[in-house]
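Worksheet for the structure shown next.
Every chain is numbered from 1, with letters handed out A, B, ... down the list of sequences.
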Amino acid sequence: GEDVEQSLFLSVREGDSSVINCTYTDSSSTYLYWYKQEPGAGLQLLTYIFSNMDMKQDQRLTVLLNKKDKHLSLRIADTQTGDSAIYFCAVLDTGRRALTFGSGTRLQVQP
Amino acid sequence: DSGVTQTPKHLITATGQRVTLRCSPRSGDLSVYWYQQSLDQGLQFLIQYYNGEERAKGNILERFSAQQFPDLHSELNLSSLELGDSALYFCASSPLGGSGNTIYFGEGSWLTVV
């Protein structure tokens with residue numbers, strides 16, 4: 001089945017850009033997602049990209065997809081302390097018709 | 001607010017007991033997914049329903065079952081509970097049957113088994 005990998009931790013300073021990376025194994029994946037989870041809260045859908053796209057921008061968020069390398073990244077511009085959270089990459093497993101999640105990247109934003 | 005409503009938000013129960021978690025999907029969404037989030041296993045897909053029918057099955061234990069009702073709300077039943085079932089259980093909904101598009105999650109139901 002699908003395997004999704006993320007680095008566990010990222011620390012940045014307020015105002016800098018953050019880049020969170022994700023790799024996946026199933027080349028037939030059609031939709032790829034980024035979710036944000038704050039402490040004690042649910043999963044907030046940030047953005048998603050269809051596999052025929054290379055890039056998607058939504059305000060401070062930029063998603064880049066490299067299908068050849070099966071690599072997805074989320075860039076947060078002008079990172080704020082309110083962006084501190086765990087960010088999950090998720091890939092739609094077309095076989096199981098369900099999302100497979102990475103283990104999450106904890107983003108710490110220092111003032 | 002994602003529009004996906006889950007109840008109860010918190011639940012504490014004893015081993016061996018049975019609980020029911022409820023989910024109301026976003027208005028118009030036909031698909032409902034259930035996920036379990038625990039510290040050691042991460043986010044695990046349990047089961048999906050589409051318009052009342054089971055559509056996909058993940059790592060769901062035999063002690064667990066789910067259904068989706070004609071009004072599209074869904075329930076996840078957990079029985080013979082064990083300490084290891086303590087986790088955050090998420091419901092998600094989508095307008096489609098697993099072809100992608102927006103998939104929104106609820107706030108989750110925290111289950112503690114003591």
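Taking CG of Leu92(A) as the start and CD1 of Ile103(B) as the end, the distance is 5.5 Å to the nearest 0.5 Å. The distance from atom CG of Leu43(A) to atom CZ of Phe90(B), rounded to the nearest 0.5 Å, is 4.0 Å.
With a 4.5 angstrom heavy-atom cutoff, Ile47(B) does not touch chain A via any of its atoms. Residue Leu45(A) touches chain B through its side chain alone, counting heavy-atom pairs closer than 4.5 Å. Using a 4.5 Å cut-off between heavy atoms, Gln41(B) makes no contact with chain A at all.
Remark: Leu61(B) CG is packed, more than 12 non-hydrogen atoms of other residues, nucleotides or ligands lying under 6.0 Å away. Surrounding CG of Leu39(B) are at most 12 heavy atoms belonging to other residues, nucleotides or ligands under 6.0 Å away. Residue Arg26(B) places its CZ atom among more than 12 non-hydrogen atoms of other residues, nucleotides or ligands, all under 6.0 Å distant.
Between the Tyr31(A) side chain and the Thr102(B) main chain, no donor and acceptor come within less than 3.5 Å of each other.
You'll find the side chain of Gln37(A) stays beyond 4.5 Å of the side chain of Phe105(B), heavy atoms only.
Scanning all heavy atoms of the two residues, the minimum distance from Leu43(B) to Phe101(A) falls at CD1-CD2, 3.6 Å.
Cluster annotation: Leu88(B) is not connected to Leu78(B) through the hydrophobic network of ILVMFWY side chains, with a link wherever side-chain heavy atoms come within less than 4.5 Å.
When the candidates Tyr35(B), Tyr104(B), Trp110(B) are compared by the number of heavy-atom contacts under 4.5 Å with chain A, Tyr35(B) comes out ahead.
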